[in-house]
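Worksheet: the structure to be examined is printed underneath.
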Amino acid sequence: MVKYKIEELDFMFIYEHKVRELENLCLLKYELDRRGYKTKIMHIEDAEALKAMRPIYHAKVVVTMACYDNHTIEWHTKNFVKFKKIIDLQWENIVFPMDERDAKAYKNYSGVAKHVVRVSWGEMNKRRMLEVAGMDPKKVMLIGHVGMDFLRDELKGYYLSKEEVLKDYDIPVDKKIFLFISPYFSDSHTEDYLATMCRRFGEGWRYYYLDCMLPSKKIILDWMGKICEEREDVVFVYRPHPGEESRQADEMMEEYPNFKVIGDKSVKQWVLISDKVYTGNSSTFVEAFFGKRMCYLLFPIPVPDDYELAFLRDADKVTEFEDFRETIYSDNRPFPVSEKLIDEVYTIDWDKPSYIKFADMAEEVIHDPYYDLTKEQLKAYYHKMGPAEKFTKALTKIAPLYNVYLSMLGNEKLRWKWLEKKREARRKLENIAHDFEKTSDEEINAIIGKIAKELEKQEGKS
């Protein structure tokens, strides 16, 4: 018989995109574990968590990757975890300009999401959360971007060498590596997807996607194709935006042996082994800045004011092919964004790493009841249930009955219509979990082992 059990945790970290978040969470886990806390990292669509009808974890604090409204909290926590506090890491600290002034914007939070603790990378985002989103000042924590800690001297040995990385992709080590970090979405989103984005970000998003994103991507790929023909000593690595599928880029890879589409390994790993970095309407130029690499911003088509990131408005931009070609052959242009502005958005602090600031803040949150969500808030975000779902929920509230329920599900001889529906629903949930986004304790421990080795090596020198 499958028996129900619950695991006690101090902090549960829930991630969406592995390449964007996992290393950062491992660094946070390393420090909190070192301080004696019990922590766990899991994917937002973990199969066992998706199927849970009642909590299988009790976490004092759930740490999410985003928390915009009631739906996003339920998406993260579903039925599988019981908790009292939420810290939102807010990996999308940077918002569209229209969101910076509209209190009702999707990314300015609604419902229970107004009451969670939020990480801010810099002063610019903190001002938005206080002045526009109307958040409680005590719940806005100025931390900096934890991901930038991997580019500090203390962790400089964490990443693979250029030779080690290129070997994995059969790229000759004597080639110049020019990295393009795509700010674009997939080539062919459905009308349903576009409608969803427009509900979140305004009807103008459709035109930003159709009339700016897609043609900009095509122009930039054409530019790269010309250079691929011109310079055999150069390899372009096209790094897709999280979740991006690009038929155009895939076709380029078929046509040019010195053009690669590579979505694995972190952006920071690629930045550190690249000779030059390129992006567009994106904040990822900051990785290049902290990694001490030159970055160029490609804007072949002007971005609408409502969707151009505010701190790129006065940046140095490459708008024509001849200017792009010049960046390939020379290094005459300045870094596109001033250090003063980068500090305002990301907080440049060479003395104290962001992961230490986060751990200090997390300790305050876990011990101070001020950060607890109320019982009413914890009930408010659940969707309304139908009669069958209410019945199942009531059945599973009692542990012995839940054990019976699990046994019945596992007994294929029982063919009751209600059970068959539940089995089919669970099979569908298992299919939702994306294999490429999953992690394991072995992978997490390996990452933390590398982190510990580098940090403890530095401590030994001090």
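Not counting sequence neighbours, Asn258 has no partner by the side-chain hydrogen bond (donor to acceptor under 3.5 Å, both in side chains) test. Applying the side-chain hydrogen bond (donor to acceptor under 3.5 Å, both in side chains) criterion to Asp343, with sequence neighbours excluded, gives no partner residue. Listed by chain and number, the residues in a side-chain contact (heavy atoms from CB on, under 4.5 Å) with Val140 are Ser120, Lys126, Met129, Leu130, Met135 (sequence neighbours excluded). The salt bridge (Lys or Arg N to Asp or Glu O under 4.0 Å) test applied to Glu442 returns no partner, not counting sequence neighbours. Judged as a ring-ring contact (aromatic ring centres under 6.0 Å, His included), and not counting sequence neighbours, the contacts of Tyr37 are Phe11. Annotation: salt bridge (Lys or Arg N to Asp or Glu O under 4.0 Å) contacts of Asp372 (sequence neighbours excluded): Lys85. Considering only residues two or more places apart in sequence or on other chains, His115 meets the ring-ring contact (aromatic ring centres under 6.0 Å, His included) condition with none of them. Listed by chain and number, the residues in a salt bridge (Lys or Arg N to Asp or Glu O under 4.0 Å) with Lys357 are Asp349 (sequence neighbours excluded). Arg118 is linked by a salt bridge (Lys or Arg N to Asp or Glu O under 4.0 Å) to Asp88, counting only residues two or more places apart in sequence or in another chain.
Ion pairing between Arg231 and Asp233 holds under the 4.0 Å rule for side-chain N and carboxylate O. For Lys450 and Glu454, the salt-bridge test fails: no basic side-chain N is under 4.0 Å from an acidic carboxylate O.
Judged by distance alone, with hydrogens and angles left aside, the side-chain atoms of Gln90 form no donor-acceptor pair with the main-chain N or O of Met65 at under 3.5 Å. For Tyr15 (side chain) and Glu437 (main-chain N/O), a donor-acceptor pair under 3.5 Å exists by modelled atom type. Of the possible polar contacts, none joining the His17 side chain to the Val19 backbone as a donor-acceptor pair under 3.5 Å is found.
If you check the side chains of Tyr238 and Gln248, you find no donor sitting under 3.5 Å from an acceptor.
Pairs of residues two or more places apart, or lying in two chains, that qualify as ring-ring contact (aromatic ring centres under 6.0 Å, His included) and include a residue from residues 244-294 are Tyr169-Trp270, Tyr278-Tyr296, Tyr278-Phe324, Phe285-Phe311, Phe289-Phe335, Phe290-Trp350. Sorted by first and then second residue, the salt bridge (Lys or Arg N to Asp or Glu O under 4.0 Å) pairs involving residues 274-283 (not counting sequence neighbours) are Lys162-Asp275, Lys276-Asp331. For residues 57-85, the set of pairs meeting the ring-ring contact (aromatic ring centres under 6.0 Å, His included) definition, not counting sequence neighbours, comprises Tyr68-Tyr106.
When each of Lys84, Lys60, Lys38 is tested with Asp10 by the rule salt bridge (Lys or Arg N to Asp or Glu O under 4.0 Å), just one qualifies, namely Lys60.
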